[in-house]
Amino acid sequence: YTQIDHGIATTGAYLDSIGQENVSVSYLAKFSASGAIRWATLFGKTATGGIVRGGSNGPTTQTSVDANGNIYMSGGTNVSGFATSGAYQTTVGSNYFSKWSPTGSLIWSTYYMDSTNDSHIYRIAAARHGNLYLTGSTIDKGLATAGAYQTTTTDSTDGFISKFDSAGHRIGATYYGGSQDDNFSGIVLDSSENIFACGTTESSSGIASAGEFQTSLLGPYNEFMVKFDSNCHRLWGTYYERRGISSSISLDRQGHPFM
C-alpha cells in the first residue's frame with residue numbers, strides 16, 4: 001500500500017488519484033522482465049468520491065497470478081468502495097479480494113467475511129486456469145460450506161481455506177483447527193490443485209492425522225502443515241517442531257512441500 005497520492009499510477013489507470021495524501025490506499029503495479037513499469041493503479045476510492053482507508057488488517061497484503069496473466073489481489077479494510085456490482089459479498093467486510101486483467105482493468109472485486117477485524121486473509125493462490133484459494137484465520141461463524149471438511153468453529157480463532165472460481169463465485173470453504181487458536185499463514189498448489197497449507201496452532205487436537213510425522217502438540221504452540229485435495233477435503237496433516245511459527249510454504253517440481 002501507499003500513502004502517496006501522486007506518482008504511483010500510470011496514465012489511463014483504473015484509479016490515478018484519491019485526492020488526498022497520507023491516507024493508506026492499495027495499489028497494484030506490473031513491470032516487465034527487465035524492470036520497466038507497464039502500468040500501475042491505485043485501488044480504494046468509493047463511487048461517491050470518498051476515501052477508502054485500510055482497516056487494521058492493513059491494505060493490500062497479497063497478489064497471485066494465473067496462467068492467463070490475470071492478477072488477484074487481497075487486502076484488509078472496513079469501509080465501503082471495494083465491491084463491484086453483483087459480487088459475491090457487496091456488504092462491507094473485514095477483507096476484500098479482486099481480479100484484474102493483464103492490462104490493469106478491474107474485472108471484479110468482493111468483500112469477504114464479516115466486518116470485525118478478527119478475520120484475516122493472509123495468503124492467496126491462483127490456480128493455472130483461474131480458481132482462487134484463500135487462507136488465513138477467522139472467528140466468523142458462517143464461513144464453512146455444507147459438506148466441508150470442518151463445518152463448525154469454536155469461540156477461538158480457526159484457520160480457513162476458501163475456494164472461488166474465476167468469476168468470483170464461491171465453490172467451497174472449510175475451517176481447520178481445534179479448541180485453541182489456529183491460523184494458516186501459507187498456501188501453495190500443485191499441478192492437480194491439491195492444496196498445501198501451513199500455519200501455527202495452540203490446539204492439541206484437530207490438526208494431525210493418524211500415523212503422520214508428528215501427531216502431538218509439543219509445547220504451547222507448534223507449526224503445522226496440511227494437505228487438502230482441490231475440494232478442500234483433508235488428505236493428511238502433521239504438527240512440526242515446538243514453539244515454531246510458520247509463515248510460508250512452497251513445492252519443488254516433484255510436489256514435495258518445503259515449510
Side-chain angles (χ1 to χ4, degrees), residues 1-2 7-18 25-45 52 54 58-77 81-89 95-112 121-136 161-173 184 186-197 228 230-232 248-255 257-258:
Y1 69 95
T2 183
I8 300 294
T10 50
T11 302
Y14 170 81
L15 177 63
D16 60 7
S17 174
I18 59 171
V25 62
S26 299
Y27 74 89
L28 184 64
K30 180 178 180 178
F31 290 80
S32 71
S34 59
I37 188 74
R38 293 287 183 84
W39 54 260
T41 184
L42 302 177
F43 186 48
K45 185 176 181 180
V52 174
T60 303
T61 56
Q62 291 295 314
T63 58
S64 189
V65 181
D66 66 23
N68 296 316
N70 297 303
I71 307 104
Y72 300 81
M73 176 171 70
S74 71
T77 188
F82 282 97
T84 50
S85 177
Y88 169 76
Q89 179 181 326
N95 299 266
Y96 76 89
F97 58 95
S98 56
K99 180 179 181 179
W100 300 75
S101 75
T103 56
S105 298
L106 179 63
I107 299 173
W108 52 257
S109 184
T110 184
Y111 291 102
Y112 196 48
I121 298 173
Y122 287 133
R123 294 291 187 270
I124 64 176
R128 286 184 53 83
H129 300 296
N131 288 328
L132 181 66
Y133 296 81
L134 318 171
T135 193
I161 293 177
S162 297
K163 179 181 180 180
F164 285 76
D165 66 19
S166 62
H169 304 132
R170 191 168 72 158
I171 298 173
F184 281 122
I187 186 171
V188 67
L189 309 175
D190 66 16
S191 58
S192 299
E193 287 190 37
N194 292 308
I195 307 155
F196 295 80
F228 292 85
S230 60
N231 294 314
C232 299
S248 64
I249 189 168
S250 59
L251 298 177
D252 65 14
R253 292 184 177 180
Q254 288 73 45
F258 291 80

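Only this structure's heavy atoms are used, side chains among them; waters, hydrogens and symmetry mates stay out.
- Atoms OG and CD1, from Ser74 and Ile124 in turn, are 4.5 Å apart once rounded to the nearest 0.5 Å.
- For Ala83 against Gln89, the heavy-atom pair with the smallest separation is CB-O, 3.7 Å.
- Looking at Thr63, its side chain never comes within 3.5 Å of a backbone N or O of Met73 through a donor-acceptor pair.
- In this structure, the separation between CG on Leu42 and OH on Tyr27 is 10.0 Å, given to the nearest 0.5 Å.
- Going from atom CD1 of Ile71 over to atom CG of Asp66 covers 8.5 Å, rounded to the nearest 0.5 Å.
- Here the side chain of Lys30 pairs no donor or acceptor atom with the backbone of Gly104 at under 3.5 angstrom.
- Not one N or O on the side chain of Ser248 forms a donor-acceptor pair closer than 3.5 Å with the backbone of Gly186.
- The CZ atom of Phe258 sits 10.5 Å away from the CD1 atom of Ile249 when rounded to the nearest 0.5 Å.
- A donor-acceptor pair under 3.5 Å is formed between the side chain of Thr84 and the backbone N or O of Ser109.
- Nearest heavy atom pair, residue Thr135 against residue Ile161, reads OG1-CG1, 3.8 Å.
- Within the 3.5 Å criterion, the main-chain N or O of Asn194 finds no donor-acceptor partner in the side chain of Ser192.
- Looking at Tyr111, its side chain never comes within 3.5 Å of a backbone N or O of Ala87 through a donor-acceptor pair.
- Asp190 places no side-chain N or O within 3.5 Å of a backbone atom of Gly255 that could act as its donor or acceptor partner.
- Of the possible polar contacts, none joining the Asn68 side chain to the Asn70 backbone as a donor-acceptor pair under 3.5 Å is found.
- In this structure, Gly168 and Tyr88 approach most closely via the heavy-atom pair O-CB, 3.6 Å.
- Checked by atom type and distance alone, the side chain of Thr10 pairs as donor or acceptor with a backbone atom of Ala40 at under 3.5 Å.
- Partner of Phe97 under the ring pair (Phe, Tyr, Trp, His ring centres under 6.0 Å) criterion, chosen from Tyr122, Phe164, Tyr72: Phe164.
- Looking at every heavy atom in both residues, Tyr133 comes nearest to Ser230 through OH-O, 3.6 Å.
- Checking side-chain atoms of Trp39 against main-chain N and O of Pro102 turns up a donor-acceptor pair under 3.5 Å.
- For the side chain to side chain contact (heavy atoms under 4.5 Å, CB included) criterion with Lys163, the lone passing option out of Ile195, Leu132, Asn131, Leu134 is Asn131.
- In terms of heavy-atom proximity, Tyr112 sits nearest to Arg170 at OH-NH1, 3.2 Å.
- Rounding to the nearest 0.5 Å gives a distance of 12.0 Å between CG of Leu28 and CG of Leu15.
- A donor-acceptor contact closer than 3.5 angstrom links the side chains of Trp100 and Ser98.
- The aromatic ring centroids of Tyr96 and Phe43 lie less than 6.0 Å from each other.
- The OG atom of Ser64 sits 7.5 Å away from atom CG of Leu189, with the distance rounded to the nearest 0.5 Å.
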